[in-house]
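See below for the structure under consideration.
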Number of protein chains: 2
Amino acid sequence: MKRAPLHQAAVVQAAAELADRDGFEAITVSALAREVGVRPASLYSHVKDLAALLDGVHELVLGEVAEAVAAGIAGRSGYEALVGLGEAQRDFAGQHPGRWAVLARPATPKTARSAGAIRLVDLTFSVLRGYRLPETELVHATRFMGATVNGFLALERASSFEHRDEQTRTSWHRALEALDRALASWPTTTEQEH
Amino acid sequence: MKRAPLHQAAVVQAAAELADRDGFEAITVSALAREVGVRPASLYSHVKDLAALLDGVHELVLGEVAEAVAAGIAGRSGYEALVGLGEAQRDFAGQHPGRWAVLARPATPKTARSAGAIRLVDLTFSVLRGYRLPETELVHATRFMGATVNGFLALERASSFEHRDEQTRTSWHRALEALDRALASWPTTTEQEH
DNA sequence: CCCTGGACCTACAGCTTGTAGGCAAACGCC
DNA sequence: GGCGTTTGCCTACAAGCTGTAGGTCCAGGG
């Protein structure tokens, strides 16, 4: 793109850090300008507008999550890999709440086609291969898994689980186990569905 | 609790309608003031601030969702009830995208203790009773179910499922079936967990 | 008949996003 | 070295948002 993509990346990086430190809502052009030591207007040389900035962070974070998941499932398969994938995401969400919150934004088509997003889907697919599903079911199973993991973490972050944190850890284990059972018993006969 | 709680409720109601029409982000004090035909400052007589307004909408919506779910599971049990619960929430999210988006906000303690929230948990419990889980597992199973359903709808709304909508319907059915299998095979022996 | 409280108002301070136009240093090129 | 173009930052400003302060007007109760 530009002749100085370093700067664009640096700005997005700073925004991610800001989000982790002060919360997702703290990502504003003004705050970010204060952060990097320039006037708000100057940032518009590097970023189209606030929405584009957030999309940039979104893409960055997808890549980071993919990285973490890759490390979490390396050398594992089956239930082990499933746990690795889940745990990697949960750890990430816990350590980077601001970054994680950015993922809740609707993904733009561009973001959905980004390297990180594709890598993440591929990694999920590779975990699911351990369950020997019919090829046509892979996409459905991926969505199911993504829904459960993301949904759990969203509810956990939103503190919908009241204040009984000891139980949350157990709930998380149960969810992973439940996921495992559901995947292991996935229907193998692909009946037609209009 | 003022002498005219009608007005507070009416304002919150209007905000919910605004959200459905123009999107969650359109809930601003200014826009709402335009909507109900007063000056922005006047709204502060009825609502403490923007955050309180959103919390009010959150609470309202929880009640509405509970209502919809109650209707969806009435007279059903087991998998039928599960489908009723899921379908009710999915329909609600589809018909009221703005309202639904408000639920993504972290719930305040007050909201978590609201009548609608409690009702919703109770209804979920009642669906799970059909699966004859040990009492101590109910809370974990509820979280699992909530995570999957909410997670799926969140991903669907965020259009993470690309543009292949025909498949989405199938994915949804698979998810409900998977949920059913996971619940039906839930561990009955409550092994201790540190 | 007054006077108190509620709902609305205007005015304003302070913050935000985003645009326009200017200045100055650095870089490539002759 | 001289020269122009690019680049990164700046100031200035328009417009919109939140939230506070203080005033007006009306209805209902003592």
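All heavy atoms count here, side chains included; hydrogens, waters and symmetry mates do not. Just so you know, these numbers come straight off a predicted model, no measurement behind them. So that the names make sense, note that chain A is the first sequence line, chain B the second, and so on, each numbered from 1.
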Side-chain H-bond candidate by donor/acceptor type, A:Thr124 with A:Thr142, under 3.5 Å: no
task: Quickly work out the A:His46 NE2 to D:dT7 P distance and round it to whole Å.
output: 12 Å
- request: Could you state the atom-to-atom distance from CG of A:Leu32 to C1' of C:dT16 in whole Å?
  value: 14 Å
- prompt: Looking at residues at least two apart in the chain, or sitting in another chain, which of them share a ring-ring contact (aromatic ring centres under 6.0 Å, His included) with A:Phe152?
  reply: A:Phe161, A:Trp172
A:Ser171 side chain to A:Gln167 backbone, donor-acceptor under 3.5 Å: yes
message: Would B:Arg181 and A:Trp186 count as a cation-pi pair here, with the cationic atom under 6.0 angstrom from the ring centre and within 45° of the axis?
response: yes
task: Check the distance between C:dT10's P and B:Arg39's CZ and give it to me in whole angstrom.
output: 4 Å
- prompt: In whole angstrom, what separates A:Asp49's CG from C:dT17's C1'?
  reply: 9 Å
message: Quick test of your reading of the model: are A:Arg132 and A:Glu137 salt-bridged, counting only N-O distances below 4.0 Å?
response: no
message: Rounded to whole Å, how long is the line connecting atom CZ of A:Arg34 with atom C1' of D:dC10?
response: 18 Å
task: May I ask you to evaluate whether A:Ser45 reaches the phosphate of D:dC9, defined as a side-chain N or O under 4.0 Å from OP1 or OP2?
output: no
- prompt: Is there a side-chain polar atom (N or O) of A:Ser42 under 4.0 Å from OP1 or OP2 of D:dC10?
  reply: yes
- prompt: Which pairs with one or both residues in residues 91-124 of chain B pass ring pair (Phe, Tyr, Trp, His ring centres under 6.0 Å), sequence neighbours excluded?
  reply: B:Phe92-B:His96
Residue list, ring-ring contact (aromatic ring centres under 6.0 Å, His included) with B:Tyr44, at least two apart or on another chain: none
message: Can you list everything that forms a side chain to side chain contact (heavy atoms under 4.5 Å, CB included) with B:Arg34? Sequence neighbours excluded, please.
response: B:Ser30, B:Ala31
- prompt: Separation of A:Leu53 atom CG from C:dG18 atom C1', in whole Å?
  reply: 14 Å
Neighbours of DNA chain C within residues 22-30 of chain A, by heavy-atom distance under 4.0 Å: A:Thr28, A:Val29, A:Ser30
- prompt: Is the closest side-chain donor-acceptor distance between A:Thr108 and A:Thr111 under 3.5 Å?
  reply: yes
Tabulate protein N/O versus nucleotide N/O from nucleotides 19-22 of chain C, keeping only pairs under 3.5 Å, one per line.
none

field: Candidates D:dC10, C:dG18, D:dG19 - which lies nearest the side chain of A:Val38
entry: D:dC10
